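Treat the numbers as computed from the prediction; the structure is a model and nothing was measured.
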Amino acid sequence: MCFQRLDEFVRNDYVIVFFAAPMEHSPSLGWMIDAYKRLSRNYKKNVKKLFIVHASLWFKLVLGFMQKIVSSKFAKKIEVVDRLHQLPDHVPMDNVDVPQDVVE
């Protein structure tokens, strides 16, 4: 994978907000595990938190399984946010671009 364009962002601490719904084109479990394994140490080390918003029951089950595969340090960085209105309690919204599909 070519991540050269993202390298400048991961040199410092960063937060990821992942909107899990709608899940029309959800990645497979195998793809998610492969993507995690391909990430270099800097991508995993400098992420301070991964917020997953609107996770379905299936996604929560997959997440529970993946947390057994990924490092325990990285697993502690993952937090599920059930409702969009709860997200500002965790992260400043000035840098978050919420897709219209998620808002609806």
Side-chain angles (χ1 to χ4, degrees):
M1 287 185 193
C2 179
F3 292 110
Q4 293 172 348
R5 294 180 68 186
L6 294 175
D7 285 346
E8 64 186 79
F9 294 106
V10 300
R11 289 187 187 128
N12 300 309
D13 295 347
Y14 67 100
V15 172
I16 298 172
V17 177
F18 176 75
F19 298 104
M23 293 291 289
E24 274 179 52
H25 307 288
S26 62
S28 69
L29 175 61
W31 184 91
M32 288 191 282
I33 292 170
D34 188 47
Y36 172 80
K37 287 179 180 178
R38 289 178 183 230
L39 290 174
S40 71
R41 182 177 180 273
N42 286 342
Y43 286 88
K44 298 173 196 173
K45 181 186 88 160
N46 291 343
V47 65
K48 291 300 154 198
K49 206 66 154 166
L50 167 58
F51 293 103
I52 301 173
V53 182
H54 289 152
S56 65
L57 179 58
W58 177 87
F59 198 88
K60 288 177 184 178
L61 291 171
V62 168
L63 187 60
F65 177 74
M66 282 191 65
Q67 286 181 331
K68 308 241 185 285
I69 295 173
V70 301
S71 74
S72 60
K73 273 186 171 181
F74 189 80
K76 290 176 185 175
K77 297 177 182 184
I78 301 171
E79 187 170 338
V80 174
V81 178
D82 290 320
R83 304 275 180 234
L84 185 59
H85 72 272
Q86 297 169 327
L87 189 58
D89 296 340
H90 303 282
V91 63
M93 296 300 290
D94 53 337
N95 291 327
V96 178
D97 184 22
V98 182
Q100 189 59 38
D101 288 349
V102 174
V103 173
E104 293 171 2

- Not counting sequence neighbours, list each pair that qualifies as a side-chain hydrogen bond (donor to acceptor under 3.5 Å, both in side chains) and has a residue in residues 11-20. none
- Message: Using 0.5 Å steps for rounding, measure from the NZ atom of K44 to the NZ atom of K73.
- Response: 12.5 Å
- side-chain contact (heavy atoms from CB on, under 4.5 Å) between V96 and F19, worked out: CA-CA 11 Å; V96 178; F19 298 104; 4.0 Å; yes
- Please round to the nearest 0.5 Å and tell me the distance separating atom CG of L63 and atom NZ of K68. 10.5 Å
Side chains of residues 85-93: which donor-acceptor partners sit under 3.5 Å, not counting sequence neighbours?
| residue | atom | partner | partner atom | Å |
| --- | --- | --- | --- | --- |
| Q86 | OE1 | D82 | N | 3.4 |
| Q86 | OE1 | R83 | N | 3.0 |
| H90 | ND1 | E79 | OE2 | 3.2 |

- Query: Do V53 and L61 belong together in a cluster built from hydrophobic side chains that touch within less than 4.5 Å?
  - Reply: no
